[in-house]
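The structure appears below as structure tokens.
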Amino acid sequence: MLEGLKIAVYVSGGIAAYKIPDFVRSLIKAGAQVRVAMTPAAEQFVTPFTFEVLTKYPVLRDQSTYPDPVGHIHLADWLDLAILVPATANSLGKLVHGIADNEALASLLACNRPCLIVPAMNNKMWDHPATQRNIDQLRQDGYYVLDPAKGFLAEGYEGKGRMPEGQEILQAVMALATISQQEQRLDLTGQKIVISAGGTQEAIDPVRYISNHSSGKMGLAIAHVAALAGAQVTLVRTPSARDLAVIPEIQLIDVEDAHQLQTAMTEEVQEADMVVMAAAVSDYRPAQVAEQKIKKDKSQVSNDWHLHLVENPDILAGLPKDRALVIGFAAETQDVEKNATAKLVRKGADMIVANDVSRSDIGFGTDQNAVTLVTHQDKRCLAKTSKFQIAWAILDMAQSIQK
Ligand code: PMT
């Protein structure tokens, strides 16, 4: 998913540096070409040799060991995307003030491509006004700064300061790579966007349910692109989407069935500027949920077991449309565009993303999709591409809709 992208990973000296070789591997596995720069303090936690083995390229640490005599500029000119991870309070402060007292920081100063900063430090250092001022300044200067996660710190107690997991950072990298490849700027600063993802689970009894093949990948891609474009994002996700990594700034609401999803969406839409219903909602649910596991016993069920189903509420159709821009999907196996256009009108949405789910290479569970965006004014076909690219196109088209 990062094929052909040149990524430079700048490692500064925090304990989370020990996790970076694994993160570098995941970037390489996703198709990126990776080079690494290290501050002297980072070398206290992990050796340059580890990165050299993984990336097959010398680490930028001093002029004498790098192939180019002006190494810091060479690396800055080579990269498409820079990542400072873990970003210590010290390195953040230096970057804000343009202090380039090591090769890694000098190279970051020379970098004019998108840069993702992933701070990790003790919670009290994170909360310090100086750190917060520096974070604000870096954001104003155009850096993409991830929030640290809350959790167990190296100091042995809980707090906000942990480096997000590698898979979470990877989601941010994919979203940022997508945003930075586009000619048009996507700026969602100040917008509140609510996105649903995954397949609802309608209980039959305590161990069985009715569901579908939705993995949540499409909804998560939209959530990450929106968050990296500056939106405040709430993700309402079903169990099938809970294994997917999510960056800490995305607010999570976990639901299981259509009724819980409806409650969450109806609540969240009140304050939202945009709602995206990417979740695959079961149209029907069992009329009754058995309290105990239904046994294969002739007194309870016969040879053909008939489940009595009742209709679920249509969440999308029932959402208020006065304030938020409302976007739905249409998962179709035939007459895709015709059915999507009918859904646009019937459900009162501002946009429907028509999704051909008869193909196994797109739609459910895949990393790629091909869709047609249908609005009341316009139609845009998107050939097969990554779900992150589709997410960008949906959000970009949404910007052009006049409410
Ligand atoms: O999650 P992935 O594995 O990445 O797969 C992505 C996807 C194929 C699930 C996604 O792209 C998609 O198409 N989602 C919508 C699936 C769906 O329920 O489609 P539908 O045509 O049945 O419903 C139309 C719209 O109404 C959808 O926005 C749906 O969320 C909404 N709906 C449906 C039924 C219902 N009772 N309430 C609803 O709000």
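Predicted model only: the values in this text are computed from it and were never measured. Just follow the structure's listing: the first ligand is 1, and inside any ligand the first atom is 1.
Residue Asn355 touches ligand 1 through its side chain alone, judged by heavy-atom distances below 4.0 Å. Residue-level proximity to ligand 1 for Ala279 is carried by the backbone, the only part with a heavy atom below 4.0 angstrom. Contacts between Ser196 and ligand 1, counted as non-hydrogen atom pairs separated by less than 4.0 Å, are absent for every part of the residue. Contact annotation: for Ala278 versus ligand 1, heavy atoms closer than 4.0 Å belong to the backbone alone.
Not one N or O of Asn312 is nearer than 3.5 Å to an N or O of ligand 1, by distance alone. The distance criterion of under 3.5 Å between nitrogen or oxygen atoms is not met by Val357 with respect to ligand 1.
His213 places no side-chain N or O within donor-acceptor distance of the main-chain N or O of Gly365, the cut-off being under 3.5 Å. Checked by atom type and distance alone, the side chain of Lys321 pairs as donor or acceptor with a backbone atom of Leu319 at under 3.5 Å.
In this structure, a donor-acceptor pair under 3.5 Å is absent between the side chains of Gln251 and Gln232.
Looking only at heavy atoms of the protein, atom 20 (P) of ligand 1 is closest to Lys343 NZ, 3.6 Å. Ranking the protein heavy atoms by distance from atom 15 (C) of ligand 1 puts Phe329 CB, 3.4 Å first. For atom 34 (C) of ligand 1, the closest non-hydrogen atom of the protein is Asp283 OD1, 3.2 Å. When hydrogens are left out, the protein atom nearest atom 39 (O) of ligand 1 is Leu316 N, 2.7 Å; that is the closest non-hydrogen contact. Scanning all protein heavy atoms for the shortest distance to atom 33 (C) of ligand 1 gives Lys347 NZ, 3.6 Å. Distance from atom 2 (P) of ligand 1 to its nearest protein heavy atom, with residue and atom name: Ser215 OG, 3.4 Å. Closest protein heavy atom to atom 5 (O) of ligand 1: Gly363 O, 3.5 Å.
The nearest non-hydrogen atom to atom 37 (N) of ligand 1, considering only Ile315, Thr366, Ile352, Asn339, comes from Ile315. Proximity annotation for atom 36 (N) of ligand 1: of Ser214, Ala241, Pro313, Ala340, Pro313 comes nearest, heavy atoms only. Looking at Ala317, Gly199, Ala280, it is Ala280 that brings a heavy atom closest to atom 16 (C) of ligand 1.
The two residues Leu316 and Gly328 come nearest to each other via the heavy atoms CD2-CA, 3.7 Å.
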Criterion side chain to side chain contact (heavy atoms under 4.5 Å, CB included) on Gln260 and Thr200, from CA distance to verdict: CA-CA 9 Å; Gln260 290 172 7; Thr200 60; over 6 Å; no

Worked check of side-chain hydrogen bond (donor to acceptor under 3.5 Å, both in side chains) between Asp62 and Thr65: CA-CA 6 Å; Asp62 63 48; Thr65 55; 3.3 Å; yes

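A distance of 7.5 Å separates CG of Asp314 from CG of Asp283, quoted to the nearest 0.5 Å. The CH2 atom of Trp126 sits 5.5 Å away from the CG atom of Asp147 when rounded to the nearest 0.5 Å.
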Can you give the donor-acceptor pairs under 3.5 Å from side chains of residues 184-195 to other protein atoms, not counting sequence neighbours?
unit_1	atom_1	unit_2	atom_2	d
Arg185	NH2	Asp187	OD2	3.4
Asp187	OD1	Thr189	N	3.0
Asp187	OD1	Thr189	OG1	2.4
Gln191	NE2	Gln399	OE1	3.4
Lys192	NZ	Thr234	OG1	3.2
Lys192	NZ	Glu268	OE1	3.3

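At least one heavy atom of Lys387 sits closer than 4.0 Å to an atom of ligand 1.
Gln368 is linked by a side-chain contact (heavy atoms from CB on, under 4.5 Å) to Lys384, counting only residues two or more places apart in sequence or in another chain.
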